Structures are given as structure tokens and as C-alpha cells.
There are 2 protein chains.
Amino acid sequence: MQKLTAQRQAILDIINRSDKHWDADEVAFALKEKGTGIGIATVYRGLAALAEQGLIESIQLADKKRYERADKKHHDHLICTLCGSIEEFCKPEIEKLQDLVAAEREFHIQGHQLLLFGLCAGCKAKES
Amino acid sequence: MQKLTAQRQAILDIINRSDKHWDADEVAFALKEKGTGIGIATVYRGLAALAEQGLIESIQLADKKRYERADKKHHDHLICTLCGSIEEFCKPEIEKLQDLVAAEREFHIQGHQLLLFGLCAGCKAKES
DNA sequence: ATGATAGTGATAATGATTATCATTCGTAAC
DNA sequence: GTTACGAATGATAATCATTATCACTATCAT
Ligand SMILES: [Mn+2]
Ligand SMILES: [Mn+2]
Ligand SMILES: [Zn+2]
Ligand SMILES: [Zn+2]
């Protein structure tokens, strides 16, 4: 009984039209730019609803949640501690090993989050 | 120039005497129990200072930061989404693959965090 | 002693997120 | 078409972990 309202559709459109990892404020701002202003509480609720339905993906960073398109295959993230950029990677062997660890402990795995922190190529170069 | 004051030593003792993953409030409460009450701001600063010096380890969960003893070898965590229990595991092959991913992208890795979410053995059993 | 420096603790402020609540929308029954 | 109900909206208050302030204190070197 989760409805895909006009507001939620607008949020979904914003996110689907880019490769960015959006936080709630960024989405709210983008909608305002467009003329489609939406209450901030509705943005939060819309993002949560869309993620619950699998229409977008979420990642939990230290300070806040970010959302991205769901039409990519599963991946994890490299986060630059200097410029904040977010890169993506996919390493099925890691996922296999995670399943193995869970199986060994009779842990029923529902999800995971792997974040690699460091300096992106660009920032590494600048760090003479 | 970070000092190991009496307050910080008290925090460190609390954490070193157990295998728990402590949040700031739990540490503050444990200190109060002991008679060694410490201002909550000092607890936060003390935990941050101790972690910076490598005397304790921190993990960032969705809602809050938790701290644990630093005298174990590196490990990652399995988190039960039902009872909140935290188990630990160590899988060097995963760490190797992480380094490989970073190297491929010329990303200078500084740290990582791998969380596996799901049901612990106990909770899985109860879920008839 | 005199500073310089860092730490403490009470409390205010911050910032992301969630709760409240009156109002509105969408749809299904009458 | 009107009514009725559940869900959604939006303005705003509340929550909660954490950080910032600021006056005061402890430590240590000159
Ligand atoms: Mn991504
Ligand atoms: Mn641990
Ligand atoms: Zn960077
Ligand atoms: Zn459990």
C-alpha cells in the first residue's frame, strides 16, 4: 500500500537522471530548482519509501544517508576522505567470501556494506 | 600533545576490561556506577582522543559510534538486525582483495569498514 | 610565581532525521 | 455524484548523537 505519488515520482526522476549519490537536502534543492518544490519531510519519506520498494538504493555514510539509482548491478564504494568523491567497484569474490563467513557462523545474511576510505587518484596526485 | 589524563585513563580502563562495543552513553553510565562520574562532553572528547592515539578502536554504525579494545587483531563485524548483537570475524583474503581493488584504481587506501547485516544464529533459530 | 597549553564540565548549538497533526488526495463503496 | 477511509503531504516541533562555547582548572616548563 505504498503509493507512487507525483512527489515520489519527481524524486525518482531526479535520482534516475544521474549517477550521483544524493542526500535528502540535495534532492529537495534540485526539486526546488525545477519549480517542483516538495516539503522536506515528504522528501525524507519519499526516499525511504522508494528505497523500501527497491526503486532506489541507499548507502549509509557516517553522517547521513545517500541514495542512488537502482538500475545498476550491485557494487560497493570507495570514498575519498579529502574531496568526498564516491567511486564504485564490484568484486564478486569479496561477496562470496562474505557469504562464506556468514555460513560458517550460521548467520543469516541480509545485506552488507563495504566502504573503502582513502585518497582518490586525483587527490593523491595533489598530495605532492 | 594529547594527554592521557585521569579521566581518559578511566575511560580506557572501562573499555579494556571487556569485549563490548561501547557507545559514549554506556561509557558515561559505567563510570557513574563506579563513582568516577565524568562530564558527557569529556567522555566524547576522551573517546575521540583515545581512538586517535590508537588506544581504542572505533566502528561507525548507522546511528552512532562504538568503541572497543584495540589489543585484538583487525576484524570486521556481523550485526544482528534483530537483537543488535555484534560478532567479529577476520578474513584476510577479503582485505587482500580490497587492496587489489584500490590498487587497480590508484586509490590510496587508508581504512575500510565492512559490516554484514542479518540474523545471528540465536535469532535465526527463534524465527521458526 | 608566571605563562603557555591542554583538559574539564555544564550547557547551548548543530544537523540529520523522525514525529505530530491538521489538511488533502485517491479510490472504492454506496 | 457523494461518502468514507487509508495514505500522503507539508509545516513545524521534537529527538538524539555529537560538537561548540566558555569559564575555569590542572600540568608543566621557564
Ligand atoms: Mn553507488
Ligand atoms: Mn569488534
Ligand atoms: Zn579525492
Ligand atoms: Zn540476534
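Quick note: numbers below take in every heavy atom, side chains included, and nothing from hydrogens, waters or symmetry partners. Order of the sequence lines fixes the chain letters, A, B, ..., with proteins taken first and strands second; residue numbering starts at 1 for each chain. As the structure is a computational prediction, the values presented were derived from the model and not from experiment.
- In this model, the phosphate group of C:dG7 is not approached by any side-chain N or O of B:K3 to a distance below 4.0 Å at OP1 or OP2.
- For A:R45, whose side chain is taken as the heavy atoms from C-beta onward, the closest listed nucleotide among D:dA17, D:dT21, C:dT20 is C:dT20.
- One finds no side-chain N or O of A:T42 lying less than 4.0 angstrom from the OP1 or OP2 phosphate oxygen of D:dA8.
- Taking atom NZ on A:K32 and atom P on D:dG10, their separation rounds to 12 Å, with Å as the unit.
- Each of A:K65, A:H77, A:E57, A:E26 was checked for a side-chain hydrogen bond (donor to acceptor under 3.5 Å, both in side chains) with A:H21, and the lone residue meeting it is A:H77.
- For the side-chain hydrogen bond (donor to acceptor under 3.5 Å, both in side chains) criterion with A:E88, the lone passing option out of A:K73, A:H74, A:H75 is A:H75.
- Look at CG on A:D25: it is 16 Å from P on C:dT14, rounded to the nearest Å.
- C:dA6 atom P lies 13 Å from atom CD of B:E52, rounded to whole Å.
- With distances taken from any side-chain atom of B:Q7 to the nucleotides D:dA17, C:dT11, C:dT8, the minimum falls on C:dT8.
- Mapping A:I38 and B:R66 onto DNA chain D by nearest heavy atom places A:I38 at the nucleotide closer to the 5' end.
- Listed pair B:Y44 / D:dT19 fails the phosphate criterion, with no side-chain N or O lying under 4.0 Å from OP1 or OP2.
- Spacing between atom NZ of B:K64 and atom P of D:dT15 amounts to 16 Å, rounded to whole angstrom units.
- At the heavy-atom level, B:R8 lies under 4.0 Å from the strands shown only through sugar-phosphate atoms.
- Although no hydrogens or angles enter the test, the distance criterion places no donor-acceptor pair under 3.5 Å between the side chain of B:R8 and the main chain of B:L50.
- The residue B:D23 sits apart from the nucleic acid: no heavy atom pair falls under 4.0 Å.
- Across the protein-nucleic acid pair, B:Q53 atom CD and C:dA6 atom P stand 13 Å apart, rounded to whole Å.
- Using a 4.0 Å heavy-atom distance criterion, A:T5 is classed as a sugar-phosphate-only contact.
- The distance between atom CD of A:Q2 and atom C1' of C:dG26, rounded to the nearest whole Å, is 16 Å.
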TODO: Evaluate the criterion side-chain contact (heavy atoms from CB on, under 4.5 Å) for residue pair B:D76 and B:Q113; output intermediate values, then yes/no.
DONE: CA-CA 7 Å; B:D76 287 294; B:Q113 173 151 60; 5.6 Å; no

Open item on the list: For a side-chain contact (heavy atoms from CB on, under 4.5 Å) check, start with the C-alpha distance between B:R66 and B:I86, then their side-chain angles and the critical distance, and finish with the verdict.
Closed with: CA-CA 11 Å; B:R66 289 187 172 272; B:I86 302 180; 4.2 Å; yes

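- The distance from atom CD1 of B:I40 to atom C1' of D:dC16 is 12 Å, rounded to the nearest whole Å.
- The CD atom of B:Q9 sits 17 Å away from the C1' atom of C:dT8 (whole-angstrom rounding).
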